[in-house]
Amino acid sequence: MPELPEVETVRAILEKRVVGKTVRDVLIRYEKIIKNTSSEEFAARLKGAKLTDISRRGKYLLFIFDKAILLSHLRMEGKYLLAADNPYSKHEHVVFFFTDGSELRYHDMRKFGTMHLFETTDLISVMESEPLKKMGLEPFDDRLTPDYLAGKIANSKRSVKSILLDQTIISGLGNIYVDEVLFLSRIHPAAPGGTLDRASLKLLIENVRIVLNKAIAYGGTTVKSFQATDEVSGRFQNYLMVHTKAECPSCHRPVSKIRVAGRGTYLCEHCQIKPAGADYL
DNA sequence: CGCATTCCCTGGGTGC
DNA sequence: TGCACCCAGGGAATGC
């Protein structure tokens with residue numbers, strides 16, 4: 001499941017491989033991927049558009065063309081395929097044909113991914129429109145501080161896992177990395193946000209950055225069907241501490257799998273302690 | 001308003 | 001082997 005490190009890995013690869021190309025045509029094989037316009041308008045707008053840059057906001061990829069901006073969210077299983085002289089698979093939903101004869105295919109087994117096309121080249125206005133408008137701070141933004149988090153979750157009974165997964169607070173974290181961050185921070189995933197003190201919030205922010213930096217350095221996590229592209233796999237799965245693990249790397253007790261914030265959650269019940277005085281669970 | 005639940009999808013796993 | 005069933009989950013929509 002692509003989270004920030006996986007999206008960033010895809011972004012970097014596509015930047016090298018497709019920036020500078022011009023769209024000759026677009027084929028939409030599954031219309032529901034396109035969210036804010038018709039398939040016809042989508043294809044017509046991109047015909048003749050030159051890709052000048054690829055950016056990222058949270059888990060969204062931003063394809064910056066010279067006459068439009070395309071947002072792409074990979075959700076669970078979306079990926080881009082660069083080599084494409086074979087017949088279409090049933091999971092290839094959008095195909096970009098470039099004037100140099102190459103193709104970029106969007107592949108999404110679960111059809112959960114989304115695309116939004118904006119008929120502007122003004123990045124600021126796109127950032128201020130849905131769906132990016134409500135995005136929270138990037139994890140590496142200097143404005144992400146314990147005070148910022150405290151302001152968002154003061155007295156909140158929501159679980160800290162739910163808070164970290166909330167894209168309107170911090171953008172880019174998903175299930176895997178939240179489990180890892182909470183393990184490193186020795187905080188229980190179900191701990192209510194309001195019970196966390198400033199030191200805990202500071203620790204969480206530090207560990208968010210440590211985990212994401214390491215995951216980006218290793219090219220993301222290859223899990224189940226996720227690969228960065230058809231030819232690149234991430235390696236961070238080899239460095240996971242608790243997510244999908246059977247044994248705690250710290251105390252060697254069994255790792256528990258429970259449900260928090262509607263997500264399968266891995267934790268060490270021994271190492272990830274509840275805040276003092278918490279009476280939940 | 002805040003938080004929880006439902007929905008969108010399909011491959012993989014399970015039980016019979 | 002086949003079939004019914006359930007599960008995984010990010011984010012929008014809906015519900016309380």
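First the proteins, then the strands, lettered A, B, ... as listed; each starts at 1. As a basis for the values below, the full set of heavy atoms in this structure was taken, side chains included, without hydrogen atoms, waters or symmetry mates.
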* To do: Sugar-phosphate means primed atoms, P, OP1 and OP2; the rest is base. With that split, encode nucleotides 11-16 of chain C 5' to 3' as B, S or - using protein heavy atoms under 4.0 Å.
  => BS----
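- Counting only residues at least two apart or on different chains, the ring pair (Phe, Tyr, Trp, His ring centres under 6.0 Å) pairs with a member in residues 28-65 of chain A are A/Tyr30-A/His93, A/Tyr60-A/His73, A/Phe63-A/Tyr80.
- Computed from coordinates, the A/His243 NE2 to C/dG9 C1' distance equals 11 Å when rounded to whole Å.
- The number of heavy atoms from other shown groups lying within 6.0 Å of NZ (A/Lys50) does not exceed 12.
- In this structure, A/Glu3 places its CD atom 10 Å from C1' of C/dG10, rounding to the nearest Å.
- Atom CG of A/Leu74 and atom NE2 of A/His107 lie 12.5 Å apart (nearest 0.5 Å).
- Note on A/Arg198 versus A/Asp147: salt bridge recorded, some NZ/NE/NH1/NH2 to OD/OE distance being below 4.0 Å.
- Between A/Ile176 atom CD1 and C/dG9 atom P the separation is 9 Å, expressed in whole Å.
- For the pair A/His243 and A/Phe183, the minimum side-chain heavy-atom distance is 4.5 Å or more.
- A salt bridge links A/Glu138 with A/Arg56; the closest basic N to acidic carboxylate O contact falls under 4.0 Å.
- When the C1' atoms of four end pairs are superposed on the next four at each end of the helix from B/dG2-C/dC16 to B/dC16-C/dG2, using five pairs per end, the two resulting axes differ in direction by 50°, to 10°.
- One distance of note links CG of A/Leu204 with CZ of A/Arg209; it measures 11.5 Å at 0.5 Å rounding.
- Of all nucleotides in DNA chain B having an atom under 4.0 Å from a heavy atom of chain A, the first and last in 5' to 3' order are B/dC3 to B/dG11.
- Atom-to-atom distance recorded for A/Thr9:OG1 and A/Glu3:CD is 11.5 Å, nearest 0.5 angstrom.
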Could you pull out the protein-nucleic contacts involving nucleotides 2-4 of chain C (nitrogen or oxygen on both sides, under 3.5 Å)?
none

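- Among A/Leu117, A/Thr114, A/Asn36, A/Val126, the one residue that satisfies the side chain to side chain contact (heavy atoms under 4.5 Å, CB included) test with A/Leu71 is A/Val126.
- For A/Arg45, the salt bridge (charged side-chain N to carboxylate O under 4.0 Å, His left out) partners two or more places apart in sequence, or in a different chain, are A/Glu119.
- Nucleic acid contact for A/Thr114: none, since no nucleic acid atom lies under 4.0 Å from a heavy atom of the residue.
- Between the P atom of C/dC7 and the CZ atom of A/Phe112 lies a distance of 15 Å, rounded to the nearest Å.
- Hydrophobic cluster membership differs between A/Phe98 and A/Leu27, with clusters built from Ile, Leu, Val, Met, Phe, Trp and Tyr side chains linked at under 4.5 angstrom.
- Here CZ of A/Arg263 is found 11.0 Å from CG of A/Asp179. Values are rounded to the nearest 0.5 Å.
- Across all strands shown, A/Gly262 has no heavy atoms under 4.0 Å from either base or sugar-phosphate atoms.
- None of A/Lys161, A/Lys134, A/Lys152, A/Arg158 except one satisfies the salt bridge (Lys or Arg N to Asp or Glu O under 4.0 Å) rule with A/Asp166; the exception is A/Arg158.
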